[in-house]
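When reading the values below, keep in mind they use all heavy atoms of this one structure, side chains included, and skip hydrogens, waters and symmetry mates. Just so we're clear, the structure is a prediction, and the values are computed from it rather than from any experiment.
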Amino acid sequence: MVLRGEVLKKPTYTAIQTIADEGNTAICYKCYHEVFQTKCVQKTVSMLGATDSFASDEPRLLRSLSHPYLVDVWEAQWDPEWGDQAVTFTMPFYEGGSLHAALMAGHVFSLGEAISLACNILDALHYLHVQRSLVHRDIKPGNIFLTDDLDTALLGDFGSAASIKDGQASCQGGTPLYKPPEWHSGSYTAQSDLYSFGLVLREMLGGRFRYEDVDMDDVDRRLLGGNRTLRDRDLMVPPFVPDGIRRVVNQLLQKDRSARPRTAFDVQRSLQNVPHLNWRRVDSDYPLTWIGELKTSKLRVPREVEATATKITRGPNAGMIRLSARWRQRNVDRWRNFGRLDAVLSEDDQAGWRSFFKSVSTEMFQSAARR
């Protein structure tokens, strides 16, 4: 039956537009709630292949989830066309859209922004895993939503969420590219969610994966063999990412889930404990530029640092890349060069690039400490 009191000539919800769903696993509509006079989202999720999900088994419990970084579920109903094979959820609309939409639009997150958003999601995952004994089973950019200023992330879409019985659930639902290597085993744990989160963190740090180039047959073959869906070269983080954060990403993406961090809280604590410059990539082609920022309790005015990579076109080093850096106090015109840190490297010398950014960061922290 329709909502009691619903006036058919004046429906509660007005559809505004269809929203593309990453992975094409659901049907989404941006709507307007005529009574509340606010935008919302209706998302129809198929229950086929996810028979143990809370959405199909105990949908009432989804309404009880309450956390500042979880998307609220306003209401849910069986879909009139699919019957009990699909559920339509109504949720708030977030002006920042999804993380997937931001990545597809080419938005570049700074290192600090990526860490902050990651910690929001890790906080939500810790709540699900520890306090509610649930696994999400579909962690991906399309299920992470951003506030209008893009500074807060919320985890949504619990259509595949399942109870952890004896520490595990079955491997059902999910989006192929973000499935963990153990998917073929049929056993899904909290560490499986953390693997998928590791892929999302890699995208926030280094930009979206080239979805259009992904061979889904290859993804299926790799999963069947118990391997990661993407190759090592696709999972590398940018050279400005500190070693401590790189290690976190590598731990999250371990093929053997027993080698991954034990809890989302452990990951959150590790990310927050790594000193870093707040780097942001400015250009996507040569000459490349990165702008970093350093704030400490000893600095009255934050410092900015600029790193540049330029292709050498002439002379004995033609084809090589020249890396240089300079710094200044914020809003001061005069830059100071790090001449002794300049480097000439090949484009594929990843160790050399990382060493350059590490040296720049070390110099910035040491100069601030000397004040």
Note to self: So for atom CZ, which belongs to R262, do other residues, nucleotides or ligands contribute more than 12 heavy atoms lying within a distance under 6.0 Å?
What the structure shows: no
Notebook entry, point to check: What residues form a side-chain hydrogen bond (donor to acceptor under 3.5 Å, both in side chains) with T263, not counting sequence neighbours?
Noted result: D266
Item checked: Centroid separation Y211 to H100 less than 6.0 Å -> yes
Notebook entry, point to check: Picking from R336, E306, E304, what satisfies side chain to side chain contact (heavy atoms under 4.5 Å, CB included) with W327?
Noted result: R336
Next item on the list: Could you tell me which non-hydrogen atom of F109 sits nearest to which non-hydrogen atom of A102, and how far apart they are?
Entry: CZ-CB, 4.2 Å
Item checked: Co-members of the apolar cluster containing Y69 [side chain, <4.5 Å] -> none
Next item on the list: For the pair R208 and E203, find out whether any cationic side-chain nitrogen is under 4.0 Å from an anionic carboxylate oxygen.
Entry: no
Item checked: Residues clustering with V282 (ILVMFWY side chains joined when closer than 4.5 Å, directly or via others) -> I291
Next item on the list: Following the transitive rule for hydrophobic clusters with a side-chain heavy-atom cut-off under 4.5 Å over Ile, Leu, Val, Met, Phe, Trp and Tyr, establish whether V108 and F357 coincide in one cluster.
Entry: no
Notebook entry, point to check: So which residues get pulled into I16's cluster when ILVMFWY side chains under 4.5 Å apart are joined, directly or through others?
Noted result: Y32
What side-chain donor-acceptor pairs closer than 3.5 Å can you find for residues 232-242, not counting sequence neighbours?
unit_1	atom_1	unit_2	atom_2	d
D232	OD1	R228	NH2	2.3
D234	OD2	R231	N	3.4

Next item on the list: Return the minimal non-hydrogen interatomic distance between D151 and L117, and the atom names on each side.
Entry: C-CD2, 3.7 Å
Note to self: Checking H129 now: which residues fulfil side-chain hydrogen bond (donor to acceptor under 3.5 Å, both in side chains) with it, not counting sequence neighbours?
What the structure shows: D193
